[in-house]
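What follows is a short report on a single structure.
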Amino acid sequence: MSKGVTPQSKDYAAWYTDVIIKAGLADYGPVKGTMVIKPYGYALWENIKGALDAMLKATGHVNAYFPLFIPKSFFASEAEHVKGFAKECAVVTHHRLRATADGKDLEVDPDSKLEEEVIVRPTSETVIWSMYKKWIQSYRDLPLLINQWANVVRWEMRTRLFLRTTEFLWQEGHTAHETADEAEQETLKILEIYRQLAEDYLAMPVLTGLKTESEKFAGADKTYSIEAMMGDKRALQAGTSHNLGQNFAKAFDVTFQDRNNQKKYVYATSWGVSTRLVGAVVMAHGDDKGLRIPPKIAPVQIVVIPIVRSEEDQVKIKEYVDIFLGDLIDQGVRIEVDWSNNSPGFKFNEWEMKGVPIRLEVGMRDMSDEEVILVRRDNGEKQAVQVKELRNIIPKMLAEIQSSLLQQAKDFQHANTNSVDNYGDFKKIISNNGGYIRCGWDGTPETEDAIKNETKATIRCIPFDSDPSGLTCIYSGKEAQHEVVFSKAY
RNA sequence: CGGGGUGUGGCGCAGUCCGGUUAGCGCACCUGCUUUGGGAGCAGGGGGUCGGAGGUUCAAAUCCUCUCACCCCGACCA
């Protein structure tokens, strides 16, 4: 394995893959488009998951688990939302293998053909709403606020680690409500939770807003999203929250008796974030040395590198390290000591690749001064610190790194967001610099489509803080219906 | 699905045009000693049916036929 990674400036896509492999986040699986999430990557996902799960529970949501397999008939019956997924569904047609004639291999047993084929879920609306029909009778059963953590399968043609794989992990929330207003409130509440997760934990500023008709989820009335800017200035949709209106209630005939004893269709929402967030963290913060993981979600917050010259040194340093280590662990700091036989330089590079926020070096020199050396991954700053100060300094430093990463990402986003009022500048910025462009849009899919074809940029969202007054459409020159954000996207 | 490419120890490759020693190199791995404040050194060692099948030949990683797999680029998506 060669040292280092492809520089971002040379080939951003290669950099991304290199970092993920070399930092030990993931590896390729044996089936095309699949990936193995390795322990370090899974620990990162677990930290993200833990933070979000707590927020969802704090807002009254409960977890449940629905089956992986969906009867094909569920898909036939209900057309609109399936359109988006039909082309990428894995289908189970048989349930048994048998030995081949020569006994050397296995083949599908034709006698095990299923009466009704089974779909591997690409998303769970259909199974869940088939159950909701049984569970919901009265307004007293509402709201129903269920979330599930699960894997889903979408047979994608072109895949990339974490960003788009055949199978991925996510959470999908599915709620049912009495009124349209309640459903809208829920949709927005979840979007706000996603925004907080992104900014407070992933240190990743996001754009929040409404998706256009052409970009929204097929089964939804409205789709909101959080959009994050990656290191190559392209946008990544990092989470979506859908107001499904009564679409699914009607498709699955889910009704309830309301407070006036009237039979009504329920209102629904669904929302999700996936392991794609891991890819987002990689691209939002990573540099040419590797990952930079925000402390709050870092599997390892501090790595201790002992500088050892002899076996006697090792014993002494181990004693020395144990003194302050226990103290920090008691404070909940996640620490790992690298006692491996690799050289210090090797360890420095390796743990920088893994994005650990703080490196703590201890050698005999430091020991005699009752110090250790701290090095921050976010900015490379190095300082000697008295051991007795560690318990105070470490939490502070972790918090500083967390906010410094957020600030760097914010500055980057601001520096690469432009407001533009003519199409010439628009095209120039998209092709030369990239990033976000705020401008007027006449609200027609034709304009959206034309711009996409000419520049590859798409409308990421209609931001909540947008204001079309006085603006004209960047493309048609007509009066703007919305101020929108365009960008090239993943 | 259209175009381009690659299959040789775990990874990255050379060798293929022009068939001919025992299939080689770097990294990784194992053992030992010396090392350790920015990717350590030396010595020794293990690991390959050259993607698969068939053919030509005294002889095939190398030539021919078929086949499989994967990667990259163009129309979709969290």
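Numbered from 1 within each chain, the chains take letters A, B, ... in sequence-line order.
Judged by the 6.0 Å distance and 45° axis criteria, A/Lys10 is not positioned over the aromatic ring of A/Trp15. By the 6.0 Å and 45° rule, A/Arg154 stacks over the aromatic ring of A/Trp170.
Between the P atoms of B/A61 and B/A23, the separation comes to 10 Å (whole Å). Rounded to whole Å, the separation between the P atoms of B/C72 and B/C13 comes to 13 Å. B/G19 and B/C64 have their C1' atoms separated by 13 Å, with the value rounded to a whole Å. Here, B/U57 and B/A75 have their P atoms 50 Å apart, quoted to the whole Å. Remark: the separation of the P atoms in B/U34 and B/U16 is 45 Å, to the nearest Å. With both ends at atom C1', the span from B/G44 to B/C58 equals 40 Å, rounded to whole Å. Taking atom C1' in both B/U56 and B/C63, one finds a spacing of 8 Å when rounded to whole Å. Remark: the separation of the P atoms in B/C66 and B/A59 is 23 Å, to the nearest Å.
Considering only the side chain of A/Arg164, B/A78 comes nearest among B/A78, B/A40, B/G38. Distance from the side chain of A/Asp366 is smallest to B/G37 among B/G37, B/A78, B/G39. When the nucleotides B/G38, B/G39, B/C77 are ranked by their closest atom to the side chain of A/Arg359, B/G38 comes out on top. Side-chain atoms of A/Ile373 lie closest to B/G37 of the nucleotides B/G38, B/G37, B/A78. Residue A/Phe348 has its side chain nearest to B/G38 when only B/U36, B/G38, B/C77 are considered. For A/Ile307, the listed nucleotide lying nearest its side chain is B/U36; candidates were B/U36, B/G38, B/C76. Nearest nucleotide to the side chain of A/Phe168, out of B/A78, B/A40, B/G38: B/A78.
Ranked by how close their nearest RNA chain B nucleotide is to the 5' end, A/Glu361 and A/Ser343 are led by A/Glu361. Along RNA chain B, the nucleotide nearest A/Val308 and the nucleotide nearest A/Tyr490 are compared for position; the residue whose nucleotide lies closer to the 5' end is A/Val308.
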Identify all pairs in which a protein N or O lies below 3.5 Å from an N or O of nucleotides 70-74 of chain B, and state each distance.
{"residue": "B/C71", "atom": "OP2", "partner": "A/Lys32", "partner atom": "NZ", "Å": "3.2"}
{"residue": "B/C73", "atom": "OP2", "partner": "A/Arg158", "partner atom": "NH1", "Å": "2.9"}
{"residue": "B/C73", "atom": "OP2", "partner": "A/Arg158", "partner atom": "NH2", "Å": "2.8"}

List every contact pair, protein side and nucleotides 31-35 of chain B side both N or O, where the distance is under 3.5 Å.
{"residue": "B/U35", "atom": "O4", "partner": "A/Asn341", "partner atom": "OD1", "Å": "3.3"}

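Here A/His177 and A/Tyr267 keep their ring centres 6.0 angstrom or further from each other.
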Practice task
Decide side-chain contact (heavy atoms from CB on, under 4.5 Å) for A/Val362 and A/Tyr320; before the verdict, give the C-alpha distance in whole Å, the side-chain angles of both, and the deciding distance to 0.1 Å.
Solution key: CA-CA 9 Å; A/Val362 206; A/Tyr320 185 64; 3.4 Å; yes
Practice task
Show your reasoning for whether side-chain contact (heavy atoms from CB on, under 4.5 Å) applies to A/Ile293 and A/His285.
Solution key: CA-CA 7 Å; A/Ile293 307 183; A/His285 303 302; over 6 Å; no
Practice task
Give the C-alpha distance, both sets of side-chain angles, the deciding distance and a yes or no for ring-ring contact (aromatic ring centres under 6.0 Å, His included) between A/Tyr224 and A/Phe464.
Solution key: CA-CA 10 Å; A/Tyr224 298 96; A/Phe464 289 133; 5.7 Å; yes
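Atom CD of A/Glu213 has 12 or fewer neighbouring heavy atoms from other residues, nucleotides or ligands inside a 6.0 Å radius.
In this structure, A/Met364 reaches the bases: a heavy-atom distance under 4.0 Å links it to at least one base atom across the strands shown. No contact: A/Ile305 has no heavy atom under 4.0 Å from any strand. In this structure, A/Thr165 reaches the bases: a heavy-atom distance under 4.0 Å links it to at least one base atom across the strands shown. Looking at heavy-atom distances under 4.0 Å, A/Gln237 makes contact with sugar-phosphate atoms alone, never a base.
Residues A/Ile358 and A/Ile394 share a closest heavy-atom pair of CD1-CD1, 4.3 Å. Scanning all heavy atoms of the two residues, the minimum distance from A/Ala198 to A/Val206 falls at CB-CG1, 3.7 Å.
What separates CZ of A/Phe346 from P of B/G39 is a distance of 12 Å, to the nearest Å. Atoms CG (A/Asp27) and P (B/G10) sit 14 Å apart, rounded to a whole Å. To the nearest angstrom, C1' of B/G12 lies 12 Å from CG of A/Asp18. The CZ atom of A/Phe217 sits 16 Å away from the C1' atom of B/C76 (whole-angstrom rounding). The distance between atom CD of A/Glu227 and atom P of B/A78, rounded to the nearest whole Å, is 11 Å. In this structure, A/Arg460 places its CZ atom 12 Å from P of B/C77, rounding to the nearest Å. The distance between atom CD of A/Glu167 and atom P of B/A78, rounded to the nearest whole Å, is 18 Å. One atom, CD1 of A/Ile48, and another, P of B/A78, lie 19 Å apart when rounded to the nearest Å.
Between A/Glu400 and A/Arg376 a salt bridge is recorded (basic side-chain N to carboxylate O distance below 4.0 Å).
The backbone N or O of A/Lys49 sits nowhere less than 3.5 Å from a side-chain atom of A/Asp53 that would complete a donor-acceptor pair. The backbone N or O of A/Phe217 sits less than 3.5 Å from a side-chain atom of A/Thr223, completing a donor-acceptor pair.
A donor-acceptor contact closer than 3.5 angstrom is absent between the side chains of A/Thr165 and A/Glu156. Neither side chain, A/Thr458 nor A/Glu448, offers a donor N or O lying under 3.5 Å from an acceptor on the other.
Residue A/Glu352 places a side-chain atom within donor-acceptor reach of the base of B/G38, judged by atom type and a 3.5 Å distance cut-off alone.
In RNA chain B, consecutive stretches of 3 or more Watson-Crick or G-U wobble pairs with both distances under 3.5 Å are given as paired ranges: B:1-7 with B:68-74, B:10-13 with B:24-27, B:29-34 with B:40-45, B:51-55 with B:63-67.
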